[in-house]
Amino acid sequence: TQLLEQSPQFLSIQEGENLTVYCNSSSVFSSLQWYRQEPGEGPVLLVTVVTGGEVKKLKRLTFQFGDARKDSSLHITAAQPGDTGLYLCAGAEGGTASKLTFGTGTRLQVTL
Amino acid sequence: DTGVSQNPRHKITKRGQNVTFRCDPISEHNRLYWYRQTLGQGPEFLTYFQNEAQLEKSRLLSDRFSAERPKGSFSTLEIQRTEQGDSAMYLCASSPRRGGPDTQYFGPGTRLTVL
């Protein structure tokens, strides 16, 4: 069973600060997706990374896929209250099995 | 494109009752997935369909659970003889699978509470 561990589990910061969330596994994934989830809602896709070493930027969010495709990071610059939520990484095994294995989640709270 | 929709959004039932949830995927998405998410955890895979064929089921999907996608469009997830441990958010996702990564788009979920 592939497992994804995220750190930190909880993060409370003030508006304007930078932060990094880590997603680690001992398994190799064909692709990795990052989602943000609000309470009582489904996860909303932020990005998909596929190639080892790939870096993608989405406004103030920077996503990186590890060279060996076993880990990933999400960096937020100048956090805003609207960034508050649960951040989930999810790895896909690829091939015919396309189920996602989700990480444990990082709950971020950004205060004024 | 209106996104993945799920109904009902909330369901409260008594232990032992049967419940059925519906998922309408994004149109022309041929893959459909069901996940379950308990409080404080990430979603866990239950099962998935490619068109009308159910290709994989998790061991989490006990005999009391059954999923269908009869015409390769919407899907239903039925839980028979519900137990308190079934209380969770049930999430549906769909993907186009047109080559490249299998990016999945989630619906808003159905929150089940078993009393």
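Below, chains carry the letters A, B, ... as their sequence lines are ordered, and counting in each starts from 1. The figures here come from the full heavy-atom set of this structure, side chains too, leaving out hydrogens, waters and symmetry mates.
- Between the OG atom of B/Ser94 and the CD atom of B/Glu28 there is a distance of 11.5 Å, given to the nearest 0.5 Å.
- In the hydrophobic cluster analysis, where Ile, Leu, Val, Met, Phe, Trp and Tyr join through side-chain heavy atoms closer than 4.5 angstrom, A/Val50 is grouped apart from A/Phe29.
- Residues of residues 76-93 of chain B having a heavy atom under 4.5 Å from any heavy atom of chain A, listed by number: B/Met89, B/Leu91.
- Along residues 104-114 of chain B, the residues that come nearer than 4.5 angstrom to chain A, judged on non-hydrogen atoms, are B/Gln104, B/Tyr105, B/Phe106, B/Gly107, B/Pro108 in order of number.
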For B/Gln37 and A/Phe102: C-alpha separation, side-chain torsions, deciding distance, then whether side chain to side chain contact (heavy atoms under 4.5 Å, CB included) applies. CA-CA 10 Å; B/Gln37 184 177 25; A/Phe102 277 84; over 6 Å; no
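- Only the side chain of A/Thr48 has a heavy atom closer than 4.5 Å to any heavy atom of chain B.
- Both tests pass for B/Arg22 against the ring of B/Phe74: distance under 6.0 Å to the centre and angle within 45° of the axis.
- A/Gln37 and A/Tyr35 are not linked by any side-chain donor-acceptor pair at a separation below 3.5 angstrom, with hydrogens and angles left out of the test.
- Residue A/Lys56 places its NZ atom among more than 12 non-hydrogen atoms of other residues, nucleotides or ligands, all under 6.0 Å distant.
- Between A/Ile13 and A/Leu108 there is a side-chain heavy-atom pair separated by less than 4.5 Å.
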Before you tell me yes or no, could you show the steps for A/Leu100 and B/Tyr33 under side chain to side chain contact (heavy atoms under 4.5 Å, CB included), namely the whole-Å CA-CA distance, both residues' side-chain angles and the distance that decides it to 0.1 Å? CA-CA 9 Å; A/Leu100 291 177; B/Tyr33 308 80; over 6 Å; no
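- Residues A/Thr20 and A/His75 bring a donor and an acceptor atom of their side chains to less than 3.5 Å of each other.
- Crowding of B/Phe65 atom CZ: a count of heavy atoms from other residues, nucleotides or ligands under 6.0 Å exceeding 12.
- By number of non-hydrogen pairs under 4.5 angstrom with chain A, the leading residue of B/Arg9, B/Gln41, B/Glu44, B/Gln6 is B/Arg9.
- For chain B, no part of A/Gln9 is nearby; none of its heavy atoms comes within less than 4.5 Å.
- The hydrophobic cluster containing B/Val19 also contains B/Leu61, counting ILVMFWY residues as joined when their side-chain heavy atoms lie under 4.5 angstrom apart, directly or transitively.
- Exactly one residue among A/Asp83, A/Asn18, A/Thr77 makes a side-chain hydrogen bond (donor to acceptor under 3.5 Å, both in side chains) with A/Arg60. That residue is A/Asp83.
- For a residue to count as touching a neighbouring chain, one of its non-hydrogen atoms must lie under 4.5 Å from one of that chain's; by this rule A/Glu41 touches chain B with backbone and side chain alike.
- Contacts of A/Leu45 with chain B are made by side-chain atoms alone, with heavy-atom separations under 4.5 Å and no backbone atom involved.
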